[in-house]
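Read through the structure below, which is laid out as structure tokens, and then see the notes.
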Amino acid sequence: MFSRHSLIFLLLMVVVGLNLRPAMSSVAPLLTRLQETAGLTAAQAGLLTTLPVLFLGLTAPVAPLLANRLGSERALSTALIILTAGLILRGLPLPGALFIGSALAGSAIGLGGTLLPALVKRELPHSADLVTGLYTMALCLGGALGAGLSVPLTVVLGSWQASLMSWSLLAIVALLLWHFSMPSRRQAAITQPEASGLLKLLGQPLTWYVMLFMGLQSSMAYVVFGWLPSLLIERGYSEAAAGWTMAVSIMFQLVSALTAPWLARLGRDQRPALLFVQLLTASGLSLLLLAPMTWKWPGAILLGLGQGGSFSLALSLLVLRTANSRLAGQLSGLVQGGGYTLASCGPFLVGLQLQAGATISTIAWLLITILALCSAFALFAGRNRRLDNENGQLIVQRY
């Protein structure tokens, strides 16, 4: 049974998680409109979708340092403040505001996304992987809301600027609830990692396997967040239909985000689960981008199930591959920092491909190739191994 404190933490975790995807998914359905009204080229649109992911990766390693200085709870409050500022800034009629605000939002998401897994490991150590599924479900729901409501909010509020800025209200609600309901503990959840400790982690192949798996699967996720509606519009969808197709896909991520950790718990080897979700993702992309348009709903469902499960399992690996919350925090910073920096290449690469006149089928096969590479690293990241620092020595052991 969960204590009252744990239940409050779970509720707040869901509310915060809802805020960590709309900043990116709310732009994608409006990307064609931005290219027409704001005069963005395909390469500039690719940069716009890349900036949040790039700054997410660059900022993630800073999270342990911020948590050590402020405490994990206050550090997360700081992340929500930065997120609110970024969401407001990107809608202001100022030169470069759209890009600067997007970068700020990505930085905030990098901080929040790195802090939460270690907080989960601290608050609920025996159910951390399953709670991670709940957290991932909140991320997916936030992403679906951003994708599905972006165009309707533009119609209701009268402009794409107001639509993008409106998501700051959700961030303000999360900030107030978190700040006043989650009192800081005396010790920070994530201690400041020593340079030698990080070097030891980087010296372990397991760290790199998890990082590369995280980066490649995240690259696919952010290509979908950034470009799927535009790719569907290129195939003949309307702007609203493309946005809702992506929203439906993200909604089905909720199902696999919750069930994938249970599937992974059936054994200590997560390779079958990791490969299965990559197969679902590849099947969904193939149906959406290569098959006749009558297959759009099965494609959206399979893509959602695959990506929700993939991301949930990737976050679960941060918990399953470490023996304690300190290592989980350090691995989280390294994996998400390096992984998301790698992931930022995906949306930008698709933008360059479109700028060069690549066909939808060419882009589809490029994405499927990335998934195949991701599956190769899953074979190593999913093995029954975990990092432990017994007696001051970092070791890899079976568990």
Requested in this report: Name the orientation class of the two ring planes belonging to Tyr222 and Tyr340 (parallel below 30°, tilted from 30 to 60°, perpendicular beyond 60°).
Outcome: perpendicular
Report task. Please step through side chain to side chain contact (heavy atoms under 4.5 Å, CB included) for the pair Leu48 and Leu31, ending with a clear verdict. Result -> CA-CA 9 Å; Leu48 182 62; Leu31 209 52; 4.2 Å; yes
Requested in this report: Dump the intermediate steps for side chain to side chain contact (heavy atoms under 4.5 Å, CB included) on Leu331 and Met211, then the final yes or no.
Outcome: CA-CA 9 Å; Leu331 184 65; Met211 182 189 299; over 6 Å; no
Requested in this report: Check whether any side-chain heavy atom of Leu288 lies under 4.5 Å from a side-chain heavy atom of Lys296, and answer yes or no.
Outcome: yes
Query raised in the report: Are Leu379 and Tyr209 close enough that some pair of their side-chain heavy atoms sits under 4.5 Å apart?
Result: no
Requested in this report: For the pair Thr259 (side chain) and Val255 (backbone), establish whether a donor and an acceptor sit closer than 3.5 Å, ignoring hydrogens and angles.
Outcome: yes
Query - Where Ile82 and Leu104 come nearest, the two heavy atoms and their spacing - result: CG2-O, 3.6 Å
Requested in this report: Output the distance between atom OG1 (Thr84) and atom CG (Leu170), rounded to the nearest 0.5 Å.
Outcome: 9.0 Å
Query raised in the report: How many angstroms lie between atom CD of Gln353 and atom CZ of Phe348, to the nearest 0.5 angstrom?
Result: 11.5 Å
**Report entry** From CG (Leu70) to CG (Leu76), nearest 0.5 Å
**Finding:** 11.5 Å
Query raised in the report: Should we count CZ of Phe276 as having more than 12 external heavy atoms under 6.0 Å?
Result: no
Query raised in the report: How about Leu94 and Ile100: do any of their side-chain heavy atoms sit closer than 4.5 Å?
Result: no
Query raised in the report: Is it the case that one hydrophobic cluster holds both Ile233 and Met24, taking links as side-chain heavy atoms less than 4.5 Å apart, direct or via other members?
Result: no
Query raised in the report: Is any side-chain heavy atom of Trp244 less than 4.5 Å from a side-chain heavy atom of Val151?
Result: no
Report task. Would you indicate whether Phe99, at its atom CZ, is surrounded by more than 12 heavy atoms from other residues, nucleotides or ligands within a distance under 6.0 Å? Result -> yes
Requested in this report: Starting at CG of Leu12, measure out to CG of Leu119 and round the result to the nearest 0.5 Å.
Outcome: 11.0 Å
Query raised in the report: Got Thr154 and Arg33 here, is their nearest side-chain heavy-atom distance under 4.5 Å?
Result: yes
Report summary line: All heavy atoms of Leu20 vs all of Val16, minimum pair found to be CG-O, 3.6 Å
Query raised in the report: Any donor and acceptor pair, going by atom type alone, linking the side chain of Trp227 with main-chain N or O of Pro347 inside 3.5 Å?
Result: yes
Query - Within-4.5 Å side-chain heavy-atom neighbours: Leu111 and Ser107 - result: no
Query raised in the report: Heavy-atom count around Glu234 CD within 6.0 Å, excluding the residue itself: above 12?
Result: no
Requested in this report: Without swapping roles, check the side chain of Ser102 against the backbone of Leu98 for a donor-acceptor pair under 3.5 Å.
Outcome: yes
Query - Within one Ile-Leu-Val-Met-Phe-Trp-Tyr cluster: Leu18 and Leu7, side-chain cutoff 4.5 Å - result: yes
Query raised in the report: Is there a donor-acceptor contact under 3.5 Å from the side chain of Ser163 to the main chain of Ser150?
Result: yes
Query raised in the report: Given Thr59 and Ile109, is the side chain to side chain contact (heavy atoms under 4.5 Å, CB included) satisfied, shown in steps?
Result: CA-CA 9 Å; Thr59 310; Ile109 293 168; over 6 Å; no
Query raised in the report: Given Met220 and Leu285, is the side chain to side chain contact (heavy atoms under 4.5 Å, CB included) satisfied, shown in steps?
Result: CA-CA 10 Å; Met220 293 301 307; Leu285 277 173; 3.2 Å; yes
Query - Distance in Å, Ile81 CD1 paired with His179 NE2, rounded so as to fall on 0.5 Å steps - result: 8.0 Å
Query raised in the report: Considering all heavy atoms of both residues, which atom of Ile88 and which atom of Leu92 are nearest to each other, and what is their separation?
Result: O-CG, 3.5 Å
**Report entry** Arg74 backbone acceptor or donor facing Thr78 side chain under 3.5 Å
**Finding:** yes
Report task. Could you tell me whether a side-chain N or O of Thr114 sits under 3.5 Å from a main-chain N or O of Gly110, the two making a donor and an acceptor? Result -> yes
Requested in this report: Answer yes or no: is there a side-chain heavy-atom contact under 4.5 Å between Leu164 and Leu30?
Outcome: yes
Report summary line: Rounding to 0.5 Å, atoms CG (Leu153) and OG (Ser26) come to a distance of 9.0 Å
Requested in this report: Spell out, as yes or no, whether a donor-acceptor pair under 3.5 Å connects the side chain of Ser312 to the backbone of Gly308.
Outcome: no
Report summary line: Leu254 and Leu141 have their tightest heavy-atom pair at CD2-N, 3.3 Å
Query raised in the report: Which pair of non-hydrogen atoms, one from Glu73 and one from Trp178, has the smallest distance, and what is that distance?
Result: O-NE1, 3.0 Å
Query raised in the report: Transitively linked via ILVMFWY side-chain contacts under 4.5 Å: Ile363 with Leu303?
Result: yes
Query raised in the report: So do the side chains of Ile370 and Val223 get within less than 4.5 Å of each other, counting heavy atoms only?
Result: no
Query raised in the report: In the single-linkage hydrophobic clustering (I, L, V, M, F, W, Y; side-chain heavy atoms under 4.5 Å), do Leu367 and Ile301 co-cluster?
Result: no
Report task. Give the cluster check for Leu157 versus Leu169: same hydrophobic cluster or not, with ILVMFWY residues linked at side-chain heavy-atom distances below 4.5 Å. Result -> no
Query raised in the report: Do you know the tightest heavy-atom contact between Leu206 and Phe380?
Result: CD1-O, 4.4 Å
